[in-house]
Amino acid sequence: MTAIVEITDLHIALPKGADRHWAVEAVSLAVAPAEILCVVGESGSGKSVLASAIMGALPRGLRRASGNIRFKGEEITRLPESRLRAMRGRDVAMIFQEPMASLNPAIRVGRQIEEVFEIHAPAMAGAERTSRALDLMREMRLPEPAAMARRFPHQLSGGQCQRVVIAMALAFTPALLIADEPTTALDVTTQARILDLIRNLRAEHGQGILFVTHDFGVVADIADRVAVMRHGRLVEIGAVEQVLNDPRHDYTRQLLAAVPSLTPRVRADTGAAPALRLEGVSKNFGTVRAVDDVTFEVPRGGTVAIVGESGSGKSTLAKAVIRLLEPSAGRVLVEDADFARLGRGELMRRRRLVQMIFQDPHGSLNPNRTVGDVLTRAGVLGGLAAGGARAQAAELIELVGLEPTALQRRPAAFSGGQRQRIGIARALAMRPAIVVADESVSALDVSVQKQVLELLDRLQSRGGLTMLFITHDLRVAAQIADRIAVMQRGRIVEFGRAVQILLSPEHPYTAELVAAAPGRAWQARRAMASTETL
């Protein structure tokens with residue numbers, strides 16, 4: 001069968017001064033019609049660079065040194081920019097990792113979908129463009145498409161923005177769909193629907209799909225073949241059953257060993273006093289109640305994970321806790337001080353005690369400062385002298401798995417997952433008592449995710465760090481949380497110890513979330529095989 005895209009001995013050079021010479025080194029692979037090839041590997045392994053090269057849109061500073069990329073037999077590397085522009089979006093489409101960086105903040109999301117039709121089908125009538133855009137939004141299960149189309153990106157949740165980006169990519173049912181972490185920002189039920197949609201598109205239209213992901217649960221559910229990349233090189237490629245169940249390369253085995261289990265850890269209940277108490281917290285946006293009468297507490301040194309679908313109110317609640325949003329009602333008690341009622345001066349003095357790790361690393365780091373400057377400034381704000389803050393910055397950058405040279409570079413020089421690690425280090429640099437983590441490990445590959453979760457666990461054991469952990473990944477919740485709060489439409493519908501919530505859910509919505517977790521069947525088989533081996 002003739003491949004839709006065929007890559008041969010591709011070399012892409014990094015700029016001088018980078019930590020290695022090649023972003024992509026001697027990579028050869030192909031994607032056939034009606035095939036889903038998943039590309040996995042750690043952040044910085046070259047996965048996203050490979051995807052960009054196929055689009056003929058390498059990031060600034062990178063260059064193709066040698067090798068070929070053929071799309072339906074046509075050599076992409078020799079095409080003029082006008083031909084590449086015509087192909088992008090119609091013949092080859094890409095879903096990017098960071099939806100907020102892919103959408104124009106000043107244009108309504110429905111209009112942005114319509115612009116795809118304007119570019120590639122200029123003769124299409126305006127009414128048809130609007131109708132097609134609304135149809136795509138319905139396919140993506142976006143609520144109230146007509147109303148949603150009139151909103152700006154900042155008025156949508158992260159998962160909703162990602163669904164808009166996916167709708168734009170699917171507008172013309174391209175022959176090759178390149179998906180770069182397309183479900184990273186999605187909750188498990190929406191993720192399951194998107195994966196079903198992608199499988200159906202492949203079945204109905206024979207699309208070839210290059211699917212970049214760090215989620216091995218997603219790989220197990222969707223892939224025909226798997227390619228494993230490390231430091232720019234392809235170290236293993238094969239059928240999904242072989243790679244996941246009988247990996248040949250040590251690196252692949254290391255990645256699989258780091259995949260978090262849906263079986264929760266059992267932690268002793270310390271009976272500590274609450275460090276954070278929420279009493280009847282609500283947040284209204286006009287007539288919409290995004291957070292509705294939320295009450296629970298987090299014991300000192302403990303972790304409560306908040307799970308639920310995109311738009312359920314998780315991130316709004318997190319921002320109300322740290323008072324980036326003003327609660328409409330209720331109390332947020334930190335060390336018995338009501339954050340919701342503090343005056344500006346007292347709030348500034350106490351804010352160091354509660355720090356947030358944001359969902360979007362692209363928008364939360366100053367692009368004009370080096371990473372060393374960002375972390376040192378955070379340490380100074382946290383009470384350290386300049387010298388101590390610089391020393392702490394060096395320690396933190398190593399703790400989150402980056403090289404010391406990262407301190408001299410700016411955020412744009414890093415991958416999405418690497419930027420998220422920097423965001424985590426910045427929050428910890430303030431030496432807070434409470435960390436509110438909003439999807440803080442969703443952009444990380446499994447090995448670094450495991451490292452960061454272990455780091456947070458050590459900080460809790462050593463210094464009594466208290467965490468409110470927002471996540472759509474139930475496997476992460478299983479590994480980090482003592483207790484889990486399940487949110488739906490702004491309300492807590494179930495709250496309890498992680499073991500009870502994940503293994504014996506009582507509310508139908510909780511059971512639906514658990515059932516939708518990607519890779520459940522594969523992980524169950526792995527666990528059974530491991531038990532039989534023992």
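FYI, the numbering just counts along the sequence from 1. Heavy atoms only: backbone and side chains are in, while hydrogens, waters and symmetry mates are out.
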J.: Would a 4.5 Å heavy-atom cut-off, applied to side chains only, mark V164 and M140 as touching?
T.: no
J.: Quick one: are M168 and L103 in side-chain contact, heavy atoms under 4.5 Å?
T.: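 A side-chain contact exists here, since the closest heavy-atom pair is under 4.5 Å.
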J.: Evaluate the criterion salt bridge (charged side-chain N to carboxylate O under 4.0 Å, His left out) for residue pair R88 and E81; output intermediate values, then yes/no.
T.: CA-CA 10 Å; R88 295 178 193 134; E81 183 60 28; 2.9 Å; yes
J.: Between P260 and Q479, is any pair of side-chain heavy atoms under 4.5 Å apart?
T.: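 Counting from C-beta outward, P260 and Q479 do come under 4.5 Å.
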J.: Just do the side chain to side chain donor-acceptor pair (under 3.5 Å) check on T295 and E279 with the steps written out, would you?
T.: CA-CA 5 Å; T295 298; E279 299 178 355; over 6 Å; no
J.: Quick check for you: to the nearest 0.5 Å, what is the distance between L255 atom CG and K450 atom NZ?
T.: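 Here the rounded value is 11.0 Å.
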J.: What I'd like to find out is whether the side chain of I434 reaches to under 4.5 Å of the side chain of M467, using heavy atoms alone.
T.: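 I434 vs M467: side chains apart.
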J.: Please step through side chain to side chain contact (heavy atoms under 4.5 Å, CB included) for the pair I12 and R63, ending with a clear verdict.
T.: CA-CA 5 Å; I12 297 173; R63 63 176 181 84; over 6 Å; no
J.: When you measure from the side chain of E42 to the backbone N and O of R230, does any donor-acceptor pair fall under 3.5 Å?
T.: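 Judged by distance alone, no pair lies under 3.5 Å.
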J.: Is the backbone of H249 close enough, under 3.5 Å, to the side chain of E236 for a donor and an acceptor to pair up by distance?
T.: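 Yes; judged by distance alone, with no hydrogens or angles, the pair exists.
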J.: Do V228 and V243 touch side chain to side chain, with heavy atoms closer than 4.5 Å?
T.: yes
J.: Out of curiosity, L10 CG to S66 OG, how far, rounded to the nearest 0.5 Å?
T.: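 The CG atom of L10 sits 7.5 Å away from the OG atom of S66.
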J.: Give the C-alpha distance, both sets of side-chain angles, the deciding distance and a yes or no for side chain to side chain contact (heavy atoms under 4.5 Å, CB included) between R475 and Q523.
T.: CA-CA 11 Å; R475 294 168 302 180; Q523 285 201 312; 3.6 Å; yes
J.: Where is the tightest heavy-atom contact between I480 and T303, given as atom of each residue plus distance?
T.: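 In this case the closest contact between I480 and T303 is O-CB, 3.4 Å.
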J.: Rounded at 0.5 Å granularity, tell me how far OG in S447 sits from CD in Q254.
T.: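 Separation between the atoms: 8.5 Å.
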J.: Would you confirm whether Q162, through its side chain, and I95, through its main-chain N or O, come within 3.5 Å as a donor-acceptor pair?
T.: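 Flag not set: sc Q162 to bb I95 has no pair under 3.5 Å.
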J.: Hey, does the side chain of K314 reach the backbone of G308 with a donor-acceptor pair shorter than 3.5 angstrom?
T.: yes
J.: How about R377: does its CZ atom have over 12 heavy atoms from other parts shown lying under 6.0 Å from it?
T.: no
J.: Can you measure from SG (C161) to CD1 (I166) and round to the nearest 0.5 angstrom?
T.: 11.5 Å
J.: Give me the atom names and distance for the closest heavy-atom approach of R289 to N284.
T.: NE-OD1, 2.9 Å
J.: Ignoring hydrogens, what is the shortest heavy-atom contact between G519 and A220? Give both atom names and the distance.
T.: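 Smallest interatomic distance, heavy atoms only, reads CA-CB, 4.4 Å.
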J.: Between Q355 (side chain only) and R351 (backbone N and O only), is there a donor and an acceptor less than 3.5 Å apart?
T.: yes
J.: List the steps and the verdict of side chain to side chain donor-acceptor pair (under 3.5 Å) for T189 and E309.
T.: CA-CA 7 Å; T189 52; E309 292 181 305; 2.6 Å; yes
J.: Closer than 3.5 angstrom, by distance alone: can the side chain of R108 be matched with the main-chain N or O of R151 as a donor-acceptor pair?
T.: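 No.
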J.: In chain order, what residues pass the side-chain contact (heavy atoms from CB on, under 4.5 Å) check against R341, with sequence neighbours excluded?
T.: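 Only D338 meet the side-chain contact (heavy atoms from CB on, under 4.5 Å) criterion with R341.
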J.: Is there a donor-acceptor contact under 3.5 Å from the side chain of R323 to the main chain of L342?
T.: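 Here the side-chain-to-backbone pair exists.
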J.: Of the non-hydrogen atoms in Y251 and M229, which two are nearest, and what is the gap between them?
T.: CE2-O, 3.4 Å
J.: Any side-chain heavy atom of V334 within less than 4.5 Å of one from R350?
T.: no
J.: How long is the gap from CG on D292 to CZ on R491, to the nearest 0.5 Å?
T.: 4.5 Å
J.: For the residue pair A272 and R300, what are the closest heavy atoms and their distance?
T.: CB-O, 3.6 Å
J.: Look only at the side chain of R497 and the backbone of I484, and say whether a donor-acceptor pair between them is shorter than 3.5 Å.
T.: no
J.: Can you establish whether the number of heavy atoms outside R489 located under 6.0 Å from its atom CZ is more than 12?
T.: no
J.: May I have the step-by-step check of side chain to side chain donor-acceptor pair (under 3.5 Å) for D293 and S282, ending in yes or no?
T.: CA-CA 5 Å; D293 194 26; S282 297; 5.2 Å; no
J.: Kindly give the heavy-atom pair with the smallest separation between N104 and A106, and that separation in Å.
T.: OD1-N, 2.9 Å
J.: Between F211 and V218, is the side chain to side chain contact (heavy atoms under 4.5 Å, CB included) condition met? List the steps.
T.: CA-CA 10 Å; F211 199 105; V218 169; 3.6 Å; yes
J.: Which is it for T370 and D373 under the side chain to side chain donor-acceptor pair (under 3.5 Å) test, yes or no, and what are the steps along the way?
T.: CA-CA 5 Å; T370 66; D373 288 341; 3.2 Å; yes
J.: Are the charged groups of E326 and K319 less than 4.0 angstrom apart, N to O?
T.: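 No, this pair does not count.
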J.: List for me each residue that meets ring pair (Phe, Tyr, Trp, His ring centres under 6.0 Å) alongside F296, sequence neighbours excluded, and say none if there are none.
T.: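 For F296, the residues satisfying ring pair (Phe, Tyr, Trp, His ring centres under 6.0 Å) (neighbours in sequence not counted) are F495.
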J.: Would V476 and F469 count as a side chain to side chain contact (heavy atoms under 4.5 Å, CB included) here? Give the steps.
T.: CA-CA 10 Å; V476 168; F469 203 96; 3.6 Å; yes
J.: Checking T77 now: which residues fulfil side-chain hydrogen bond (donor to acceptor under 3.5 Å, both in side chains) with it, not counting sequence neighbours?
T.: E75
J.: Tell me if the CD atom of E403 is crowded by more than 12 foreign heavy atoms within 6.0 Å.
T.: no
J.: A side-chain contact here means heavy atoms from C-beta on lying under 4.5 Å apart; do V321 and L468 qualify?
T.: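 When only atoms from C-beta onward are counted, L468 and V321 do touch, with a gap below 4.5 Å.
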J.: Is it true that atom CD of E346 has more than 12 heavy atoms of other residues, nucleotides or ligands lying nearer than 6.0 Å?
T.: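 Yes.
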J.: Judged by atom type as modelled, is there a donor-acceptor pair below 3.5 Å linking the side chain of R233 to the main-chain atoms of V27?
T.: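 Side chain of R233 to backbone of V27, a donor-acceptor pair under 3.5 Å: no, none is there.
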J.: Could you give the distance from CD (Q160) to CG (L142), rounded to the nearest 0.5 Å?
T.: 6.5 Å
J.: Ignoring hydrogens and angles, tell me if any N or O in the side chain of R426 forms a donor-acceptor pair with the backbone of L375 under 3.5 Å.
T.: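 No: the side chain of R426 does not pair with the backbone of L375.
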J.: With side chains defined as the heavy atoms from C-beta onward, is the minimum distance between V109 and F152 less than 4.5 Å?
T.: no
